[in-house]
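We use all heavy atoms of the structure for the numbers below, so side chains are in, but hydrogens, waters and symmetry mates are not.
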Amino acid sequence: MSEFDAIFVGAGHNSLACAAHLATKGWKTGVFERNPVSGGAVQTRELTLPGFRHDLAAMNLSLFAGSAFHRKYANELKSAGLEFVPAADCFASVFPDGHWFGVSTDIEKTVGRLEKFSKGDAETWRRLVGGFMGEAEHLFRLLGSPMGARALAGTGWNLWRKKGVKGSLDTAKLLLSSPRAWLDENFTSPHVKATLAAWGMHLDFAPDIAGGAVFPYLESMANQSFGMVIGKGGADTIIRALEGMLAKSGGKVFHGADVAEIITSGGKATGIRLASGETHTATKAVIAGVAPGALAGKLLPKGSGDAGFDGAMKTFRHAPGTMMIHLALDGLPDWKAGEELKNFAYVHIAPSLEQMARTYQQAIAGLLPDEPVLVVGQPTAIDPSRAPDGKHVLWVQVRALPANVTGDAAGEIAPDHWDAIKDRYADRALALVEKHAPGLSQKILGRAVFSPIDLERENPNLVGGDQICGSHHISQNFLFRPAPGYARWNTPVTNLHLVGAATWPGAGTGAGSGFMLAQQLAGA
């Protein structure tokens, strides 16, 4: 048995960031991870062939690069091996009519593409970009603050002081609007609207769901203004750097250490018991980087002592599932719409708001979508080090999918467990890519398919293949994430805290929950 100031259940990037900050403050920290490697959804592995490094789930590291944690510890992380690779051509969408639209950091390139669809939309884009820094100040302050009355009041006061009543109401309207509502107010081209709306699908926001407008807005404006970054050699560069930083401060990570129980006494968390029977004591905090459903009746066999909290954790809503398809390629896709598309980090295949809305509803109904939304990542267009010379990897994210399949909207695949049908559905997704990039199938050297259930097996936090660990709809966001009264990473059990995508400020690689909790615990 070992004694620590703080024990962490799970070695995702939020847990590692929290542990690293506490370790620099003199806390003795121990991180216990069931898997042989750290990272959770941020892992890079040779999934297809030797020498081809694939990001298992997360690929875009822009949030980490721009995070408060990185700003504070950039030198330490760099010394521990952190390396980013910038992408100037950030994201694009291709369409059945042969057109495409994409956002690059060169605003003249972006505007030039926009003008082919709508002169008015090009003017709107310049206006939005021009006002972005002023708007971003308030949005980033909100997303980077603890979710409590004091922080909200400070953000609101700053917003009102700088923007006045009308400007404050405009920001509030953005936060409450659906993607379609915001896009219809600002743009006329269906191609432009679809390109931006695809970002909502990354975070469980189909076009008509309230509260989703802010994500297409932030992603499009941030990519235009700052670009995108991915990890040199793989997204796991942030995990290896966090582990290195933690080790230098005396923290320890234990792999193959499956936590079976969080030990409590007198309503207070005092340590953990591993599946092996081994126990460890925590004198100040137990911090669980887990999905809410893993608590009551599982890690807390007798519950938290608060029936309302336990019920909220059991009924925490997860987003639809995701399939990941990883390809080792002899060359990048030959995009029919234009050779320039080979330069982009992401190419979306999501041709219309109507298609995205239909796909989402089909998934919610338990059906395999007839036309899934695809996010095609081309990391080796940005970072050739991930594959042998002249070769490439392709990262294909298939959204949105049911965890339990009850039917097929296309009427082609009989309902069955994902283990039996995942390859057939992957074929459907890749056939859709092939329509836009003829000859892709002849370039495939190796393939690995992860169904929604495979992703959950890899990481139990990805319940049903939900890569964002919980819906971000308004009723489960802000003060309600993961439940009303528990948005500050607290639980009814004294000294027991939650971090990760299921908690405020939600999904992404920004390490916000881990760093803010660490500052809260350490007092700075």
Using modelled atom types and a 3.5 Å cut-off, is there a donor and acceptor pairing between side-chain atoms of [X] and backbone atoms of [Y]?
| X | Y | answer |
| --- | --- | --- |
| Asp55 | Ala235 | yes |
| Glu33 | Ala11 | yes |
| Lys268 | Val493 | no |
| Ser513 | Gly500 | yes |
| Thr279 | Ile272 | no |
| His70 | Ala65 | yes |
| Glu83 | Lys232 | no |
| Ser249 | Gly251 | no |
| Ser2 | His280 | no |
| Arg481 | Gln476 | yes |

Residues forming a salt bridge (charged side-chain N to carboxylate O under 4.0 Å, His left out) with Glu278, sequence neighbours excluded: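 For Glu278, no residue satisfies salt bridge (charged side-chain N to carboxylate O under 4.0 Å, His left out) once neighbours in sequence are set aside.
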Please determine whether a side-chain nitrogen of the Lys or Arg among [X] and [Y] lies less than 4.0 Å from a carboxylate oxygen of the Asp or Glu.
| X | Y | answer |
| --- | --- | --- |
| Asp236 | Arg45 | no |
| Lys163 | Asp170 | no |
| Glu261 | Arg273 | yes |
| Arg53 | Asp383 | no |
| Lys173 | Glu185 | yes |
| Glu76 | Lys248 | no |

Flag the pair Phe64 / His13 as yes when their ring centroid distance falls below 6.0 Å, and as no otherwise.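 For Phe64 and His13, the ring centres are not under 6.0 Å apart.
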For the rings on His348 and Trp199, is their centre-to-centre separation under 6.0 Å?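 Centroid separation for His348 and Trp199: below 6.0 Å.
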At what distance, to the nearest 0.5 angstrom, does [atom1] of [X] lie from [atom2] of [Y]?
| X | Y | atom1 | atom2 | result |
| --- | --- | --- | --- | --- |
| Met147 | Trp504 | CE | CH2 | 3.5 Å |
| Leu455 | Leu462 | CG | CG | 6.0 Å |
| Ile262 | Leu300 | CD1 | CG | 5.0 Å |
| Phe69 | Thr509 | CZ | OG1 | 12.5 Å |
| Leu521 | Asp5 | CG | CG | 11.0 Å |

Considering only heavy atoms from C-beta outward, does the side chain of Met228 approach that of Val103 to under 4.5 Å?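 A side-chain contact under 4.5 Å is absent here.
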Do Arg386 and His54 have side chains that approach each other closer than 4.5 Å (heavy atoms only, starting at C-beta)?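 Counting from C-beta outward, Arg386 and His54 never come under 4.5 Å.
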More than 12 non-hydrogen atoms from neighbouring residues, nucleotides or ligands closer than 6.0 Å to CG on Asn404, yes or no?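 Result for CG/Asn404: open.
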Give the minimum heavy-atom separation between [X] and [Y], together with the two atoms involved.
| X | Y | value |
| --- | --- | --- |
| Leu22 | Ala522 | CD2-CB, 3.9 Å |
| Pro320 | Ile364 | CG-CD1, 3.8 Å |
| Phe254 | Gly30 | CE1-CA, 4.3 Å |
| Phe32 | Phe4 | CZ-CE1, 3.9 Å |
| Asp306 | Pro492 | CB-CG, 3.6 Å |
| Leu299 | Pro301 | O-CD, 3.2 Å |

Donor + acceptor pair across side chains of [X], [Y] (<3.5 Å):
| X | Y | value |
| --- | --- | --- |
| Ser38 | Glu243 | yes |
| Tyr346 | Asn60 | no |
| Glu137 | Asn158 | yes |
| Gln224 | Thr105 | no |
| Thr503 | Tyr486 | no |

Kindly indicate, with the supporting measurements, whether the criterion ring-ring contact (aromatic ring centres under 6.0 Å, His included) is fulfilled by Phe205 and Phe215. CA-CA 9 Å; Phe205 282 101; Phe215 299 105; 5.4 Å; yes
Verify side-chain hydrogen bond (donor to acceptor under 3.5 Å, both in side chains) between Glu458 and Gln43, making sure each step is shown before the conclusion. CA-CA 11 Å; Glu458 287 275 340; Gln43 293 187 40; 4.9 Å; no
Mind running side chain to side chain contact (heavy atoms under 4.5 Å, CB included) on Phe8 and Val286 for me, showing each step along the way? CA-CA 6 Å; Phe8 292 81; Val286 175; over 6 Å; no
Determine the interplanar angle of the Phe132 and Tyr217 rings, folded into 0 to 90°, and report it as parallel if under 30°, tilted if 30 to 60°, perpendicular if over 60°.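 Rings of Phe132 and Tyr217: perpendicular, as their planes differ by over 60°.
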Does the salt bridge (charged side-chain N to carboxylate O under 4.0 Å, His left out) test come out yes or no for Asp204 and Arg317, once each step is laid out? CA-CA 11 Å; Asp204 189 35; Arg317 292 180 297 103; 5.5 Å; no
Show your working on side-chain hydrogen bond (donor to acceptor under 3.5 Å, both in side chains) between Glu135 and Thr171 and close with a plain yes or no. CA-CA 8 Å; Glu135 191 69 67; Thr171 299; 2.6 Å; yes
Worked check of salt bridge (charged side-chain N to carboxylate O under 4.0 Å, His left out) between Asp208 and Arg180: CA-CA 6 Å; Asp208 299 299; Arg180 188 192 298 268; 2.5 Å; yes
